[in-house]
Amino acid sequence: MKSTRTPSTPPVYPGPAWGSQQWSRRPSPLEKLARLITRRRRLFAALLLCAAAALAVQQLTPASPVTATVMVAVRDLPAGHVIGDGDVRAAEVGPAMVPDGALRPSSPEAFTTGTPPPEASFDWLGSQLSGPVRRGEVLTDASLLGNGLLTGAPAGSQAVPIRLSDPSTLTLLRQGQLVTVVLSSSQGLDGPVNNEVLAEKVPVLWTPALAPTGSGLFPDQESEGIVVVAASAAQSVQLAGAISRGKVFLILLN
């Protein structure tokens with residue numbers, strides 16, 4: 001019996017393996033990164049937004065301002081008060097807000113920022129105030145009672161002591177108070193009274209109330225009725241020894 005099986009087709013050579021679809025080349029690092037970003041695009045977008053926000057905040061945040069350390073009163077202090085540690089505190093203010101002669105901390109170590117300037121004052125503890133001080137006010141050398149009575153007075157001013165005919169007037173005075181000095185004199189007991197203005201609008205520099213007993217400018221027995229004012233050279237000539245020419249009174253001004 002004759003076989004009917006058809007002859008098989010010879011196999012076809014598929015070619016080299018690198019040409020097959022099953023083989024692919026190894027991806028480069030950039031391609032791996034691109035694929036990773038594609039798969040995690042939401043995460044990367046959030047990270048980029050956070051970085052942008054951080055940069056914006058850093059740019060908008062102002063730099064730390066330059067400050068200076070001064071001493072301010074922690075409460076209202078009266079004239080003549082002896083300054084102690086509990087009366088003042090260190091405060092940081094802008095350099096433009098520091099007045100001339102501002103008091104500095106009592107020791108260089110008390111500076112909170114920076115180093116003390118060469119003119120810093122460290123010996124104000126135990127000093128007396130020359131006038132009343134309000135809470136939060138910056139203290140200066142002019143705030144202290146001392147030998148410099150004319151600190152801050154106009155150039156050419158002179159400190160003139162005046163003995164008043166009515167010592168009770170001293171209780172109404174304060175340091176810096178403007179007064180007009182009047183001399184009242186008469187010719188004989190029954191003669192007409194003549195009032196003469198010796199000086200107008202002169203500031204009070206010192207009264208016995210500004211210093212405790214035994215530490216004033218004059219001995220205790222001689223300071224009664226004494227007030228020291230700042231006057232010009234011409235006014236000083238009129239004020240000197242005025243009590244010997246009559247009675248001396250003050251007019252208090254605002």
Side-chain angles (χ1 to χ4, degrees), residues 57-160 170-179 201-217 227-232 252-254:
V57 171
Q58 183 181 9
Q59 294 296 326
L60 295 177
T61 301
S64 299
V66 178
T67 59
T69 307
V70 296
M71 303 307 297
V72 299
V74 299
R75 62 178 182 277
D76 292 345
L77 300 175
H81 180 77
V82 178
I83 302 177
D85 283 327
D87 298 323
V88 294
R89 65 175 178 85
E92 298 297 321
V93 298
M97 301 298 294
V98 179
D100 293 339
L103 301 187
R104 303 306 179 113
S106 56
S107 65
E109 292 77 12
F111 273 72
T112 57
T113 59
T115 56
E119 70 276 9
S121 301
F122 304 115
D123 56 354
W124 45 263
L125 280 175
S127 299
Q128 291 178 268
L129 294 175
S130 60
V133 175
R134 302 294 300 199
R135 180 175 64 88
E137 182 177 341
V138 178
L139 299 180
T140 67
D141 53 356
S143 305
L144 305 180
L145 186 65
N147 296 328
L149 288 176
L150 292 173
T151 301
S157 297
Q158 300 177 2
V160 184
L170 295 176
T171 60
L172 305 176
L173 298 178
R174 67 179 187 277
Q175 194 261 353
Q177 171 79 53
L178 295 180
V179 297
K201 297 182 179 179
V202 292
V204 173
L205 299 179
W206 181 89
T207 70
L210 293 179
T213 303
S215 61
L217 295 178
V227 61
V228 180
V229 299
S232 64
L252 279 62
L253 308 176
N254 291 331

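These values consider heavy atoms only, across backbone and side chains, with no hydrogens, waters or symmetry-generated copies. Residue numbers start at 1 and run along the sequence shown.
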- State, yes or no, whether a side-chain contact exists between I83 and L139 at a heavy-atom distance under 4.5 Å. yes
- In Å, rounded to the nearest 0.5 Å, how long is the span from CD of Q175 to OG1 of T207? 9.0 Å
- Looking only at non-hydrogen atoms, find the nearest pair between P78 and L129 and report the distance. O-CD1, 3.7 Å
- Note on the structure: So CH2 of W206 and CG of L170: to nearest 0.5 Å the spacing works out to 9.0 Å
- State, yes or no, whether a side-chain contact exists between V72 and R89 at a heavy-atom distance under 4.5 Å. yes
- For residues V88 and M71, report the shortest heavy-atom separation together with the two atoms involved. CG2-CE, 3.7 Å
- On a heavy-atom basis, the closest approach of A231 and V160 is CB-CG2, 4.2 Å
- Message: So, taking the atom named CG in L253 and the one named NZ in K201, what distance separates them when rounded to the nearest 0.5 Å?
- Response: 7.0 Å
- Query: Hey, what do you get for CZ (R134) to CG (L77), rounding to the nearest 0.5 Å?
  - Reply: 10.5 Å
- Message: Pairing donors with acceptors under 3.5 angstrom, does anything connect the side chains of T69 and E92?
- Response: yes
- Given V70, V138, T67, the one that forms side-chain contact (heavy atoms from CB on, under 4.5 Å) with V98: V70
- Message: Working note: V133 + D87, criterion side-chain contact (heavy atoms from CB on, under 4.5 Å); need CA distance, chi angles, decisive distance, verdict.
- Response: CA-CA 11 Å; V133 175; D87 298 323; over 6 Å; no
- Message: Please find the pair of heavy atoms, one from G176 and one from P203, that lie closest to each other, and give the distance.
- Response: O-CB, 4.4 Å
